[in-house]
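Encoded as structure tokens, here's the structure I'll be asking about.
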Amino acid sequence: MKMRFTLTMDDLLVNGTKIDNMIIDWIDDVSQEEVLEMSQLWITSQNFLTERMVGLKRVGESSLTIEPVEEA
């Protein structure tokens, strides 16, 4: 199923540069199991973003929204 992911991050430090706000939005074709797995990792991992994004050293606040994409 097609899902829209929206990652919002505030107060970032990337390669020594401070960034106030960044929003990354993408659509991916994923299974329900993959969505559940990603959601669980997001909730339980304290360093979810800094472990996966090269150069990201700090994130103040962040949120991940996952919603289905309606196909026409």
Side-chain angles (χ1 to χ4, degrees):
M1 67 184 142
K2 287 194 183 276
M3 301 294 281
R4 177 180 297 277
F5 297 84
T6 304
L7 174 60
T8 303
M9 300 174 285
D10 295 323
D11 191 26
L12 298 102
L13 183 62
V14 181
N15 290 330
T17 301
K18 292 180 183 181
I19 301 172
D20 291 332
N21 180 269
M22 179 180 291
I23 298 172
I24 302 173
D25 185 64
W26 71 98
I27 294 174
D28 201 358
D29 195 12
V30 293
S31 69
Q32 189 170 5
E33 292 80 21
E34 290 171 308
V35 171
L36 292 173
E37 181 181 328
M38 184 179 292
S39 297
Q40 185 66 24
L41 284 170
W42 178 264
I43 291 168
T44 59
S45 176
Q46 202 170 45
N47 299 322
F48 184 82
L49 295 173
T50 55
E51 290 175 354
R52 289 163 177 77
M53 296 179 140
V54 175
L56 181 63
K57 302 299 180 195
R58 182 188 74 222
V59 178
E61 296 287 324
S62 62
S63 68
L64 177 64
T65 304
I66 304 171
E67 55 191 10
V69 174
E70 293 184 27
E71 297 188 47

Residues that Glu37 engages under side-chain contact (heavy atoms from CB on, under 4.5 Å), provided they are two or more places apart: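 Glu37 satisfies side-chain contact (heavy atoms from CB on, under 4.5 Å) with Leu41 once adjacent residues are dropped.
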Members besides Val69 in its Ile/Leu/Val/Met/Phe/Trp/Tyr cluster (side-chain heavy atoms under 4.5 Å):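 Members other than Val69 - counting any ILVMFWY side chain reachable under 4.5 Å - are Ile27.
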Run the side-chain contact (heavy atoms from CB on, under 4.5 Å) test against Gln40 and tell me which residues pass, sequence neighbours left out.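 Gln40: side-chain contact (heavy atoms from CB on, under 4.5 Å) contacts with Thr44.
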For a 4.5 angstrom cut-off between non-hydrogen side-chain atoms, does Trp26 reach Leu7?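 Yes. Closest side-chain heavy atoms under 4.5 Å.
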Considering only heavy atoms from C-beta outward, does the side chain of Met38 approach that of Leu64 to under 4.5 Å?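 Yes, at least one pair of side-chain atoms sits under 4.5 Å.
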Only counting residues at least two apart or in another chain, list the ones meeting side chain to side chain donor-acceptor pair (under 3.5 Å) with Thr65.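 With neighbours one apart ignored, the set is empty.
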Among all residues two or more places apart in sequence or in another chain, which pass the side-chain contact (heavy atoms from CB on, under 4.5 Å) test with Ser45?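 Applying side-chain contact (heavy atoms from CB on, under 4.5 Å) to Ser45 gives Phe48, Glu51.
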Excluding sequence neighbours, so at least two apart, what forms side-chain contact (heavy atoms from CB on, under 4.5 Å) with Val35?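 Residues passing side-chain contact (heavy atoms from CB on, under 4.5 Å) with Val35: Met3, Val30, Ser39, Ile66.
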Atom CD of Glu67: over 12 foreign heavy atoms under 6.0 Å: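 Count over threshold, so yes.
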Could you pull out all donor-acceptor pairs under 3.5 Å where a side-chain atom in residues 8-16 meets a protein atom, sequence neighbours excluded?
from	atom 1	to	atom 2	distance (Å)
Asp10	OD1	Asn21	ND2	2.4
Asp11	OD1	Arg58	NH2	3.1

Under the side chain to side chain donor-acceptor pair (under 3.5 Å) test, residues paired with Asn47 that sit two or more places apart: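 Partners of Asn47 by the side chain to side chain donor-acceptor pair (under 3.5 Å) criterion come out as none, since no residue qualifies.
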Once salt bridge (charged side-chain N to carboxylate O under 4.0 Å, His left out) is applied, do any residues pair with Asp29, and if so which ones, sequence neighbours excluded?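 If we apply the salt bridge (charged side-chain N to carboxylate O under 4.0 Å, His left out) test to Asp29, skipping adjacent residues, there are no hits.
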